[in-house]
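Below is one structure; the comments refer to it alone.
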Amino acid sequence: MDISCVFGNRLQPIILTHPPFNFIPHVSSTTSTAVPSESHFQHTNVSTKHTQTSPLSFKTRQTDAILDIQHSSDLGSALTRSGGILRVEDLNTVLRHFGKSQKLKELSQLFAWMQRTRKISIASYSSYIKLMGKSLSPVEALKIYDSIKDESTRNHVSVCNSVLSCLVRSGKYDSSVKLFHQMKRNGLNPDIVTYSTLLVGCSKIRNGYSKALDLVQELKYNGLIMDSVTYGILLNICASNNRCEEAEKYFKNMNDEGHTPNVFHYGSLINAYSAKGNYKKADELIVNMKDAGLVPNKVILTSLLKVYVKGGLFDKARELLNDLEALGYAQNEIPYCILMDGLAKAGHIQEAKSVFDEMNEKHVKSDGYSKGHQPEEELCSSLIFHLGRTGAHSQAFSIYNILRYGKRTMCKTHHEKILHILMDGKLLKDAYVVVKDNARSIPRPTIKKFAASFIKFGNINLINDVMKVIHSSGYKIDQGLFEMAISRYIDQPEKKDLLLQLLQWMPGQGYVVDSSTRNLLLKNSKLFGAQQIAETLSKQHIFSKAPRSGEMKDK
DNA sequence: ATAGGGTTAG
């Protein structure tokens, strides 16, 4: 079989890295385990002193040899010293041990030694490919597979299944399907492990549900029997694709076929119910689960919380959250987030806020499930969104501030979002604070909208400050805004000083009033003292001419 | 002897 079909080009055989020894993998499923133990000694230089004088039993010496190889600081000499006494099965155990403890160097060194001394079996290849695929790139695992020259090893189901799982694990669904077809073309009979592996692939892709159904049909057609693992994967797929009835059907089938469901099977089914908020069925399932002697764990109860929230049973959900707290299952933000978000969406803003406050009081932490995510921030942002949408502008702002002054870094887009909410709520002074601190992270159109609304409706005493702040953030103030500001001052002539201040500030920053604003000012100049206005405007005029004459001089 | 699953968060 040629794996190159999977990536389209022929992969470099691994042989190149270990030149003279591993050409002929001298492996077949029959010879590997049938090697008589005495023959091991001809491959290595086992210390004669050890083998002859040791009073220990052969079994004990094997155990010692395993420990020697697992813990030696020099694997090469440990293998020379202790490798000979061991059977292939023992070496496979050590191989898996190195894989489990992430000792990659030792893992490949031992495998190379096993190839060289031909103490290697199908199981060694299956394990090695699986372990390498877990920690290294799948390409590396494929190279290993490609380097296998022995047909019966290459075409072995468990070896192929290992490669399949490497592909699936690294998200290469299409490649895994290609390999699957190649396997069948080579006359290999896929087994239930093959199908389960491919089903896992279906659970990781979009629209995997119908592909999963095809595979189930095919495996049944081939006379294979679904087991509890296969059912587990299928239930998972149903739950995440909103296929509640189908999940129920598979759950029933597996029971009928004599497979006892575990917490994960129950969990998937509850999860399927949670999408629809089917609390009656979920409650019933929890009862069945307890009757079966299983204890609902944190994940199951959290899913149940989701069911209640989705079903609108907020009192029951609140009660369940208390239970979760009592059980120590509410140490991360997830359950609070579920309830809060449900409340916020249903318009129960005050209740959502109180759950939020409670969560903060309890110093709930992120527990690593969030993998680099910032769920606390996400839930805040969701709450801010819902609070803003339902008109609770100042509450939204208080949550923004918790985020802002919390230790976490926050996403720049929050500034813009809260700004819109504050403007909707006419909380312009708060909006001003947000702009002042974050002007550079806010897009120009939003700045413009803010400035316009502040100039029209904000505190008149702060208009000039707003102008200065947005200007120094790099925003070029347009005539429309100046005109609005000046009209506002004209409406309140007692703020004449502020108007003059603005007019005097403008030319220094390269701004001049346009002719219509100028006329507006002159028309109303008696309100402010015609003399002063005229003087200030003429200064602007001089400034406006100055840069142009400067340009001329340069030429 | 080897290969396949494991969950919560719009």
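Order of the sequence lines sets the chain letters (A, B, ...), proteins ahead of strands, with each chain counted from 1. As the structure is a prediction and not an experimental result, all values here were calculated from the model.
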Taking the side chain of Ser126(A) as its heavy atoms from C-beta onward, which of dG4(B), dG6(B), dA3(B) lies nearest to it? dA3(B)

When you measure from the side chain of Ser127(A), which nucleotide among dG10(B), dA1(B), dA3(B) comes out closest? dA3(B)

Residues Asp323(A) and Lys316(A) bridged, charged N to O under 4.0 Å: no

Atom pair distance, as rounded to whole Å: CD1 in Ile237(A) and P in dG6(B): 11 Å

Starting at atom CZ of Arg169(A), determine the distance to atom P of dG5(B), rounded to an integer number of angstrom. 6 Å

Are there more than 12 heavy atoms of other residues, nucleotides or ligands under 6.0 Å from atom NZ of Lys290(A)? no

For Ser228(A), report the nucleic acid contact type (base, sugar-phosphate, nothing); a contact means any heavy atom under 4.0 Å. base

Is the distance from OP1 or OP2 of dG10(B) to the nearest side-chain N or O of Lys345(A) less than 4.0 Å? no

Distance-only criterion, 3.5 Å: show the donor-acceptor pairs between side-chain atoms of residues 204-212 of chain A and protein atoms not counting sequence neighbours.
none

Atom-pair distance (CG on Asn241(A); P on dT7(B)), nearest Å: 16 Å

Would you check if Cys166(A) and Leu142(A) make a side-chain contact, meaning some heavy-atom pair closer than 4.5 Å? no

Among dA3(B), dG4(B), dT7(B), which is the nearest nucleotide to the side chain of Val299(A)? dT7(B)

Base, sugar-phosphate alone, or nothing: which one does Thr230(A) contact when heavy atoms must sit under 4.0 Å apart? base

Classify the side chain of Ser196(A) and the base of dG4(B) as holding, or not holding, a donor-acceptor pair under 3.5 Å. yes

So, does the side chain of Asp191(A) form a donor-acceptor pair with the base of dG4(B) at under 3.5 Å? no

Do Met254(A) and Met226(A) have side chains that approach each other closer than 4.5 Å (heavy atoms only, starting at C-beta)? no

How many whole angstroms separate atom CG of Asn236(A) from atom C1' of dT7(B)? 7 Å

Have a look at Ile192(A) and say if it touches a base, only the backbone sugar-phosphate, or nothing, with a 4.0 Å heavy-atom cut-off. base

Proximal nucleotide (of dA3(B), dG4(B), dG5(B)) relative to the Thr197(A) side chain: dG4(B)

Salt bridge (charged side-chain N to carboxylate O under 4.0 Å, His left out) between Arg87(A) and Asp90(A): does it pass, once the steps are laid out? CA-CA 5 Å; Arg87(A) 297 164 307 158; Asp90(A) 301 322; 2.9 Å; yes

Separation of dT7(B) atom C1' from Leu305(A) atom CG, nearest Å, is 15 Å

I need the NE2-P distance between His259(A) and dG5(B), as an integer number of Å. 17 Å

Nearest listed nucleotide, side chain of His265(A), among dA3(B), dG5(B), dG10(B): dG5(B)

If you look at every strand shown and take non-hydrogen atoms under 4.0 Å, does Val200(A) touch a base, only sugar-phosphate, or nothing? sugar-phosphate

With respect to the side chain of Ser162(A), which nucleotide from dA1(B), dG6(B), dA3(B) is positioned closest? dA3(B)

Does anything in residues 280-292 of chain A reach DNA chain B, meaning a heavy atom under 4.0 Å, and if so which residues? none

Just N and O in the side chain of Lys298(A): are any of them under 4.0 Å from OP1 or OP2 of dT7(B)? no

Salt bridge (charged side-chain N to carboxylate O under 4.0 Å, His left out) partners for Asp191(A), two or more places apart: none

Asp227(A) atom CG is separated from dG4(B) atom P, nearest whole Å, by 13 Å

Rounded to whole Å, the CG-C1' distance (Asn271(A) to dG5(B)) equals 15 Å

Quick check on the 6.0 Å ring-centre criterion: do Tyr128(A) and Tyr145(A) meet it? no

When all nucleic acid strands are considered with a 4.0 Å heavy-atom cut-off, which category describes Ser165(A): base, sugar-phosphate, or nothing? sugar-phosphate

